[in-house]
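Here's the structure we're looking at; comments come further down.
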Amino acid sequence: MKLMELFEAVKDGTLDKTQLEQYHTELSNLSAQMRIEIAELEKAEALFIYNSDIETDIAKKRAWRASEKGQRLITLNAYIKATTTILSSLKNRLYTYL
């Protein structure tokens, strides 16, 4: 499942414990994959800034954020925040079954 599909599925208030556990596992795995990709993009950002001929650090950072990889990093950071919120919600819903 894709991330947005998982978010939509989790909104369903009628999920049973097994389904909640499954979605929690899937989102946790996806979150880990995104964090690894973020690390790779942050390394690329560091090299971009270090090797850039642009004069100021602010201009280098802006150039990075405007690049394709910079845009991807922005998106992944937002996805991680959303995923963390959804995982917390899933955890709370799972505790209601205890």
Quick check: do Asp12 and Gln19 have side-chain heavy atoms less than 4.5 Å from each other? no

Shortest non-hydrogen separation from Phe7 to Thr83 and the atoms involved: CZ-OG1, 3.6 Å

Count I, L, V, M, F, W, Y as connected when their side-chain heavy atoms are under 4.5 Å apart, and connections chain through other members. Are Leu15 and Met4 then in the same cluster? yes

Atom pair CD/OG1 of Glu37 and Thr75 - distance to nearest 0.5 Å: 10.0 Å

CG/Leu73 to CD/Glu68 distance, rounded to the nearest 0.5 angstrom? 13.0 Å

Distance from Thr18 atom OG1 to Leu94 atom CG, nearest 0.5 Å? 9.5 Å

Scanning both residues in full, the closest heavy-atom pair of Glu26 with Leu6 reads OE1-CD2, 3.4 Å

Can you name the side chain to side chain contact (heavy atoms under 4.5 Å, CB included) partners of Gln71, sequence neighbours left out? Ile74

Give, for atom NE2 of His24 and atom OG of Ser88, the distance between the pair rounded to the nearest 0.5 Å. 8.5 Å

Got a second to check how far Ile80's CD1 is from Thr85's OG1, nearest 0.5 Å? 11.0 Å

Please tabulate, for side-chain N and O atoms in residues 44-55, each donor-acceptor pair with protein atoms closer than 3.5 Å (sequence neighbours left out).
| from | atom 1 | to | atom 2 | distance (Å) |
| --- | --- | --- | --- | --- |
| Glu45 | OE2 | Lys61 | NZ | 2.3 |
| Asn51 | ND2 | Leu47 | O | 3.1 |
| Ser52 | OG | Ile54 | N | 3.1 |

Spacing of Lys11 atom NZ and Tyr23 atom OH [to the nearest 0.5 Å]: 13.5 Å

Please check if the number of heavy atoms outside Lys69 that lie under 6.0 Å from its NZ is greater than 12. no

Does the side-chain contact (heavy atoms from CB on, under 4.5 Å) test come out yes or no for Leu27 and Leu3, once each step is laid out? CA-CA 8 Å; Leu27 281 169; Leu3 183 63; 3.8 Å; yes

